[in-house]
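A note on names: the letters A, B, ... follow the listed sequences, proteins ahead of strands, and every chain is numbered from 1. Everything numeric in this text was worked out from a predicted model, so none of it was measured.
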Amino acid sequence: MQRALSVSRMTGNKSTFPDWYQAIVREADMAESSPVRGSMIIKPWGYGVWERIQQTMDRRIKEMGVDNAYFPLFIPLGFFAKEAEHVDGFAKEMAVVTHHRLKSIDGKLQPDPDAKLEEPLIVRPTSETIIGDAFSRWVKSYRDLPLKINQWANVVRWEMRTRLFLRTSEFLWQEGHTAHATREDALASTLLALEMYREFSENVLAMPVVAGEKPENERFPGADATYSIEAMMQDGKALQAGTSHYLGTSFSRAQNIRYQSDSGEMEFCHTSSWGTSTRMIGGVIMTHGDDDGLRLPPAIAPRQIVIVPMLRGKEEDAQVLAYAEALVKDLNAQVALGEPIRALLDTKDQKSSDKRWNWVRRGAPVIVELGPRDAAGGQVSFMRRDRLRDGDKVKSQALARDEFVAQAPALLAEIQQSLFDEAKARLDANIRSDLTSFEQVAEYFGQLSDEDEETSAFKGWVRAPWSRPTGAELDKVVERLKALKLTLRNAPSQQPDSFGPCVFTGDPGVEEILIGRSY
RNA sequence: CGGAGUGUGGCUCAGUCUGGUAGAGCACCGCGUUCGGGACGCGGGGGUCGCAGGUUCGAAUCCUGCCACUCCGACCA
C-alpha cells in the first residue's frame, strides 16, 4: 500500500513509533527543532492548532469565572527559596539569568563581569511563586475571595531529554491559579479545572482521557493533592495531558497569602493551580495520526475544509476557480461546531495531486477536489481524512453542490465524533481490569518476549485495586513497577463500590489505580 | 549525567573497512508530453561531507579532541 509517510507506525522494530511520530511532526508541517537545544520552532500549521486550543479553552476558563492576567517571565531566585519542596522539585531544571550586559573581552562576546545581577533571576518553570507574591498583596479580606487568575505564557524547564511537543525546554501553556477561603472551596476549584480539562480533551481534541488523582509519589512539588487526565497513545503508553493541583495552605504560608475573615481572624488561603501545554498537540498526533499523516479533529483544525482546484492551464480553469471561490464563500458562511467554518481555497501554483497529499499529511478533515466536470455538473467531490482509504484506494465521494454546503456542518461534527469514537474504543479495549496480583501484572507487562519488544507490543494499561500505601511502603511499590518500566498513572475519579485485595500488598483495596508505561 | 548509535544538498540515505578531491531517490527550477490526478522524458540549480586540530603529495574516508541529534536509563507537563 502506498503511504504518505516514509515510516509506518505499527510495523518494523521497536523504534518505529518514535520515528513515525517525528515523521508526522515534520511532514504535517507542525514544527521543527531549532538552533536552540531542546527548543522548537512551531510552524504556522502547528501554531494554528495551538491557537485553536487557546481560543476554545480560553472560553471555558472564562466560563469558570477566571480572569486572564500576565506575570513576569523572570522570577527572583529568592522566591523559590520560600517553599522547600517546591524548589527541590524544580531546582535541577532551572534556567538562570546572572548578567544584564555583554562585553567584548579579547574579541569574544561574553557576559560582562561588572554587570552581574545582585540576585539571579530564574526563567519561570511555573509561576506559583510570583503569582503567589501578587496574591499576597491582592488578598486582604474574605471579600476578595475567591481570586481566580489564568495566564497564557511560555515557561522553561531545562530537561535532559526533549521531544518535539512532548517535552521541550521551552513550552507554551496556560496556568490557572486560584486562592480560596476554605479547603472545600479550593478543592472544588481544583476538581472543576480537572473536569474542564476532561471535557475539553474529549470534546475538542477528540482525545478520550481518564481523569483521576495522582498517587503521592507523583504529586506536584509542594502540593497536597494532584489530579491529572491521562490519555492513551497508539503505542499503549500513557500521556499526562493536563494536571490540577490542590496546594493546601503550604504556598500561602510560604508567601503570606492571608485574609481577614468575617469574624476578624487572619486566615491563610487555600490555593490551587492547574495547567495544560503544547504537549496536548503531541497527544493529538499520537492519538489520531495514521500512516498517511496527521488527522486533525475539526474543532482544532486551522482549516477544516480545503479545496484543491484541478487546474490544467486551460481556458476552463477560470470556471473551476470561480466555482471554487463561490463554494468557499458559502462554506465560510456556515456554522459548524459552534463557529464559522474555516474553509480554504488552495490556489498555490503547484500540482494538484501534490497539494492533495500535502493536506492529507497535515490532516485537514475534509479535502475537496474540484475539476471542470464538478463545475459543469454542479457537484462537489471530496474525501474525509478520518476515513481516507477504502482498502488501499483513496475513497472519494461526490454530492450536489448545495447539498454539500448544507451538510458541511454535520459532516465536520461527524468527523469530530468518529475520531473520538475510534480513540475511545481503543482506550476502553486496552485497559485490563481482571488481574488480581502483582505477579499477574508483572507477567502481563513484564514478560514481553524480545519479539514483542521489537514490534512495539501494545499492552495498554492495567486497572487494579490497591490499598493506597504511603511513604516507604509506596516507594517499594514504585520500585517494583519501575523494574518493569511501569508507573502509577492515577486513581480514576469513577470508582466502583467495593474492591478486591491490593495487588501490591494483599491488604484490603480502597480504590482502583491505573498502571502503565508512560511518556 | 550513564549506556548505545548516528552526523554527507530541504528529506531519506549510499560512499568510510581498502585515502585520489562527492553520488542516488524524493523535493526544487526550466522545457516538453501527460493529467479526474501521489505520471513521464530531457535539461538544470543546490553540499568547504557536524566542528577544530593532526597524519599525508592528497582526507567524507585514517588519528585526537569537541559539538549536536536519536534511542535506552535517571528527571519531568
Side-chain angles (χ1 to χ4, degrees), chain A residues 1-7 13-19 21-23 26-27 29 32-38 88-94 125-126 154-175 197 214 218-221 226 228-231 238-245 273-283 292-293 308-314 316 320 349-361 367-377 379 381-383 388 392-394 396 398 453 482-483 485 487 518-519:
Chain A
M1 149 171 149
Q2 283 186 311
R3 282 181 282 103
L5 292 182
S6 53
V7 181
N13 62 31
K14 63 183 169 184
S15 65
T16 292
F17 196 78
D19 286 347
Y21 176 78
Q22 285 182 288
R26 183 180 63 242
E27 295 187 36
D29 240 357
E32 60 188 29
S33 56
S34 75
V36 184
R37 181 198 166 91
D88 277 355
F90 286 106
K92 281 179 286 184
E93 51 187 50
M94 285 183 181
T126 178
N154 56 340
V155 290
V156 168
R157 298 181 187 176
W158 213 260
E159 302 285 356
M160 281 312 193
R161 248 179 75 201
T162 58
R163 303 179 72 179
L164 295 180
F165 288 115
L166 297 176
R167 185 178 298 106
T168 46
S169 299
E170 177 187 3
F171 56 93
L172 307 182
W173 77 344
Q174 59 71 219
E175 48 180 326
Y197 288 158
K214 291 295 231 184
E218 299 268 352
R219 268 182 208 147
F220 177 73
T226 286
S228 71
I229 52 170
E230 304 281 334
L239 183 77
Q240 183 173 308
T243 51
S244 186
H245 316 287
S273 69
W274 27 277
T276 53
S277 71
T278 36
R279 168 181 270 197
M280 284 188 300
I281 296 175
D292 286 304
V308 176
M310 317 301 301
L311 306 176
R312 297 190 293 177
K314 295 183 179 171
E316 62 204 22
V320 173
D349 178 18
Q350 188 180 28
K351 236 167 38 179
S352 44
S353 55
D354 287 346
K355 286 199 272 193
R356 177 226 284 211
W357 286 105
N358 285 338
W359 289 112
V360 166
R361 276 188 284 268
I367 300 166
V368 173
E369 293 184 316
L370 292 183
R373 215 179 292 164
D374 296 297
Q379 63 166 25
S381 304
F382 66 99
M383 56 199 78
L388 184 68
D392 283 358
K393 289 184 68 177
V394 170
S396 183
E453 192 74 51
K482 203 159 137 187
K485 296 182 183 174
T487 55
S518 76
Y519 273 94

At 4.0 Å (heavy atoms only), tell me whether [X] reaches a base, stays on the sugar-phosphate, or touches nothing.
X        : result
A/Gln22  : sugar-phosphate
A/Ser381 : base
A/Gly275 : nothing

Between [M] and [N], how far apart are the [atom1] atoms? Round to whole Å, please.
N     : M     : atom1 : value
B/C26 : B/A4  : C1'   : 30 Å
B/C1  : B/C11 : P     : 28 Å
B/C63 : B/G20 : P     : 15 Å
B/C49 : B/A22 : P     : 10 Å
B/U56 : B/U61 : C1'   : 13 Å
B/A60 : B/A77 : C1'   : 42 Å
B/U48 : B/G9  : P     : 9 Å
B/A59 : B/G19 : P     : 14 Å

Would you please name every residue forming a ring-ring contact (aromatic ring centres under 6.0 Å, His included) with A/Trp274, sequence neighbours left out?
none
Test of understanding: with ring-ring contact (aromatic ring centres under 6.0 Å, His included), list the residues that count as partners of A/Phe382, not counting sequence neighbours.
A/Phe404
The criterion is side-chain contact (heavy atoms from CB on, under 4.5 Å); which residues satisfy it with [X], sequence neighbours excluded?
X        : value
A/Gln379 : A/Asp374, A/Ser381, A/Ala398
A/Glu170 : A/Ser39, A/Asn154, A/Val156
A/Thr126 : A/His86, A/Phe90, A/Glu128, A/Arg157, A/Trp173, A/Glu175, A/Phe220
A/Ala238 : A/Glu230, A/Trp461, A/Arg489, A/Ser518

What is the distance, rounded to the nearest whole Å, between atom [atom1] of [X] and atom [atom2] of [N]?
X        : N     : atom1 : atom2 : answer
A/Asn358 : B/C26 : CG    : P     : 16 Å
A/Glu32  : B/C69 : CD    : P     : 14 Å
A/Leu311 : B/U34 : CG    : P     : 19 Å
A/Leu164 : B/C71 : CG    : C1'   : 15 Å
A/Ile367 : B/G38 : CD1   : C1'   : 12 Å
A/Arg361 : B/U12 : CZ    : C1'   : 14 Å
A/Lys355 : B/A27 : NZ    : P     : 16 Å

For [N], the Watson-Crick or wobble partner whose two distances fall under 3.5 Å:
N     : value
B/C57 : B/G20
B/G73 : B/C1
B/A39 : B/U33
B/U6  : B/A68

Summarise protein proximity over nucleotides 72-77 of chain B in one line of letters, 5' to 3': B for base, S for sugar-phosphate only, - for none, counting protein heavy atoms closer than 4.0 Å.
BBBBBB
For A/Glu316, what residues pass the salt bridge (Lys or Arg N to Asp or Glu O under 4.0 Å) criterion, not counting sequence neighbours?
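If we apply the salt bridge (Lys or Arg N to Asp or Glu O under 4.0 Å) test to A/Glu316, skipping adjacent residues, the hits are A/Arg312.
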One thing to verify: whether A/Glu32 and A/Arg26 come together as a salt bridge, which I'm taking to mean a side-chain N less than 4.0 angstrom from a carboxylate O.
no
For the OH atom of A/Tyr197 and the CD1 atom of A/Ile229, what is their distance to the nearest 0.5 Å?
8.0 Å
Kindly indicate, with the supporting measurements, whether the criterion side chain to side chain donor-acceptor pair (under 3.5 Å) is fulfilled by A/Glu369 and A/Ser352.
CA-CA 9 Å; A/Glu369 293 184 316; A/Ser352 44; over 6 Å; no
Close N/O contacts between protein and nucleotides 39-43 of chain B (under 3.5 Å):
residue : atom : partner  : partner atom : Å
B/A39   : OP2  : A/Lys351 : NZ           : 3.0

Could you go through the side chain to side chain donor-acceptor pair (under 3.5 Å) check for A/Ser273 and A/His245 one step at a time?
CA-CA 5 Å; A/Ser273 69; A/His245 316 287; 4.6 Å; no
Select one nucleotide: of B/G37, B/C11, B/C35, the one nearest the side-chain heavy atoms of A/Arg26.
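Shortest atom-to-atom distance from the side chain points to B/C11.
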